Undergrad: 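Here it is: the structure, laid out below.
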Amino acid sequence: MNYWLLKSEPSVFSIDALAAAPRKTTHWEGVRNFQVRNMLRDDFKKGDLGFFYHSSCAEPGIAGIVEVVRTGYPDASAWDSRSEYYDAKSTENKPLWYCVDVKLVRRTKQIITLDMLRMHAETQLKSMLLLRRGNRLSVTPVDESHWKFVLSLE
DNA sequence: GCCAACGTTGGC
DNA sequence: GCCAACGTTGGC
């Protein structure tokens, strides 16, 4: 079983929006980066857990925990010409982009902020991809040791 | 296959 | 709004 960190801008899709969604589940759609696509398509397994991370906002940090409930399948938003995620290079016969479904397990007791994580960037969270300079991937794998340590910060 | 230009991410 | 970082594109 794998652990992940999924970034979302709360102004676009927040933990509140996920909590309010039917079955507290959402399509993790709109990924248009090949590295991330490959992870969604090939590496996400049912039952994997992920941190739901708020990015590009006043208080960046981990807001909740999600579970993978459906593994990679073609992202239909790519062939919807009305979608902001439309991509003419992807078709139903030859899908280019993939998504997964995730379900909210629970909110964290408070936002585990980027600042809190950074305090351990040279010790327990050394090599955590989120904290690596220049990292911009919207989905990153999380080591089990990092996962457990982050939760101990709650 | 190289690499400059361009676009995007995301913290600040 | 700035800008560092880096992925993508496209001419050659």
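Here is the naming used below: chain letters follow the sequence lines, and residue numbers restart at 1 for every chain. Values in this document were obtained by computation on a predicted structure and should not be read as measured data.
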Undergrad: Any pair with a residue in residues 53-75 of chain A that passes ring-ring contact (aromatic ring centres under 6.0 Å, His included), sequence neighbours left out, goes on the list, sorted by first then second residue, please.
TA: F52(A)-H54(A)

Undergrad: May I ask you to list the residues sharing a hydrophobic cluster with L96(A), side-chain cutoff 4.5 Å, ordered by chain and number?
TA: F34(A), W97(A)

Undergrad: Ring pair (Phe, Tyr, Trp, His ring centres under 6.0 Å) with F44(A): which residues, sequence neighbours excluded?
TA: W4(A)

Undergrad: With F149(A), which residues qualify under ring pair (Phe, Tyr, Trp, His ring centres under 6.0 Å), at least two apart?
TA: H120(A)

Undergrad: Would you mind classifying the nucleic acid contact of S56(A) as base, sugar-phosphate or nothing, using non-hydrogen atoms under 4.0 angstrom?
TA: base

Undergrad: Just jot down the ring pair (Phe, Tyr, Trp, His ring centres under 6.0 Å) partners of Y3(A), sequence neighbours excluded, or say none.
TA: W147(A)

Undergrad: Within the structure shown, what part of the strands sits under 4.0 Å from R118(A) by heavy-atom distance: base, sugar-phosphate, or nothing?
TA: sugar-phosphate

Undergrad: Can you give the first and last nucleotides of DNA chain B, 5' to 3', that have an atom under 4.0 Å from a heavy atom of chain A?
TA: dG7(B) to dC12(B)

